[in-house]
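The figures here come from the full heavy-atom set of this structure, side chains too, leaving out hydrogens, waters and symmetry mates. Values in this document were obtained by computation on a predicted structure and should not be read as measured data.
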Amino acid sequence: MPAGALMKLDREHYVQIDAAIDDIRAIEAREGVTRASLALIQDRLMQLARRDDLFNLDACPPPPAEFERNNYLYRLHEDPDHRFALYANAASGGVASPVHNHTTWAVIVGISGDELNRIHERTTDGGVVEVDSKVVGRGSGIAFMPDDLHAIRIDAPLLNFHLYGQGLEQLTRRQYYRPEKQQWAFFDNVAHIVEARAERSP
């Protein structure tokens, strides 16, 4: 665990997480992976996000000032086969990502603070163009199919949920766009995941 990651999660947190994941797993099994099924998954995850008496920046604090990044991804759940990976993204602000895909479905819902999502599409010359944007904050969310493209920006303290069809360490073919070189590249390994599953938490 990175230095300074001081989680404050107890049995009730994991009861609520397990219930949400059970429902989400059932939605995917019943409906498959479509935009309609991801909307149902988003709705269920938003129910969990409304429990801000449990999930807040006190329970999942962002990194200290001396940490090399401005956010932690607390891994709250991941099935043994690495499916249904749920993270709490705790940021102090100053976070931005390049345009990227996920290679699996993804759902983001807000707990506190705002995350700007800029939606892009590929162009015929291999580049990207922004086609839409959405601010994900308390009471809202956004869902992505595996090949969808977005970039995020977080300017102030934030906590939200990121749920992926596969755990981030398994997504070795995720790509991001490098506008200065007008080319795509693969992400390096994710280094800011904090283990927070019930069976491994302190």
| query | Is the CZ atom of R25 crowded by more than 12 outside heavy atoms at less than 6.0 Å? | reply | yes
| To the nearest 0.5 Å, what is the distance between CD1 (I154) and CG (N160)? | 6.0 Å
| field | N70 side chain to G94 backbone, donor-acceptor under 3.5 Å | value | yes
| Charged N-O contact under 4.0 Å between R83 and D81 | no
| query | So, for A90 and C60, which heavy atoms are closest and what is the spacing to 0.1 Å? | reply | CB-O, 3.2 Å
| field | Pair D148-E121, side chain to side chain contact (heavy atoms under 4.5 Å, CB included): steps then yes or no | value | CA-CA 7 Å; D148 289 345; E121 292 180 354; over 6 Å; no
| said: How close do A91 and P62 get, counting heavy atoms only, and between which atoms? | reply: C-CB, 3.6 Å
| query | So, D132 side chain and I119 main chain: donor-acceptor pair closer than 3.5 Å or not? | reply | no
| query | Would a hydrophobic clustering, with Ile, Leu, Val, Met, Phe, Trp and Tyr connected at side-chain separations under 4.5 Å, put V135 with V95? | reply | no
| remark: For Q42 and A143 the tightest heavy-atom approach is OE1-N, 3.6 Å
| Would you say the side-chain atoms of E195 pair up with the backbone N or O of R197, donor to acceptor, closer than 3.5 Å? | yes
| Salt bridge check: are E78 and R75 linked by an N-O gap of less than 4.0 Å? | yes
| remark: When rounded to the nearest 0.5 Å, the distance separating CZ of R173 from CG of N101 is 10.5 Å
| said: Distance check, rounded to the nearest 0.5 Å: S140 atom OG versus K134 atom NZ? | reply: 5.5 Å
| task | Mark yes when over 12 heavy atoms from residues, nucleotides or ligands other than R30 sit less than 6.0 Å from its CZ; otherwise mark no. | result | yes
| note | Heavy atoms of I17 and L48 approach each other most closely as N-CD1, 4.2 Å
| Between CG on residue D147 and OG1 on residue T103, distance to nearest 0.5 Å | 8.5 Å
| field | Least distance between heavy atoms, Y72 atom then P64 atom | value | OH-CD, 3.6 Å
| request: Check each of F187, Y176, Y177 against H100 using the ring-ring contact (aromatic ring centres under 6.0 Å, His included) test, and report the only one that passes. | output: F187
| field | Carboxylate-amine/guanidinium contact R138 D52, below 4.0 Å | value | yes
| Flag, side chain of S133 to backbone of N117, donor-acceptor distance under 3.5 Å | no
| remark: Closest non-hydrogen contact found for G139 with M46 is O-CE, 3.1 Å
| Six-ring centre of W184, R122 cation under 6.0 angstrom, axis tolerance 45° | yes
| field | H13 side chain vs L54 backbone, donor-acceptor pair below 3.5 Å | value | yes
| message | I need the single residue from R174, H150, H162 that forms a side-chain hydrogen bond (donor to acceptor under 3.5 Å, both in side chains) with H102. Which is it? | response | H150
| request: Compute the centroid of each ring, for Y164 and then for F84, and state whether the two points are separated by less than 6.0 Å. | output: no
| request: Indicate whether the side chain of Q16 and that of D18 have a donor and an acceptor atom separated by less than 3.5 Å. | output: no
| query | When you look at I24 and L163, which way does the side chain to side chain contact (heavy atoms under 4.5 Å, CB included) test go after all the steps? | reply | CA-CA 10 Å; I24 288 165; L163 176 66; 3.8 Å; yes
| note | Separation between CD (E28) and CG (L40), nearest 0.5 Å, reads 12.0 Å
| Ignoring hydrogens and geometry, is there a side-chain-to-backbone donor-acceptor pair from Y87 to L168 under 3.5 Å? | yes
| I152 and I142: same hydrophobic cluster, using ILVMFWY side-chain contacts below 4.5 Å? | no
| field | Distance (rounded to the nearest 0.5 Å) between E12 CD and D53 CG | value | 8.5 Å
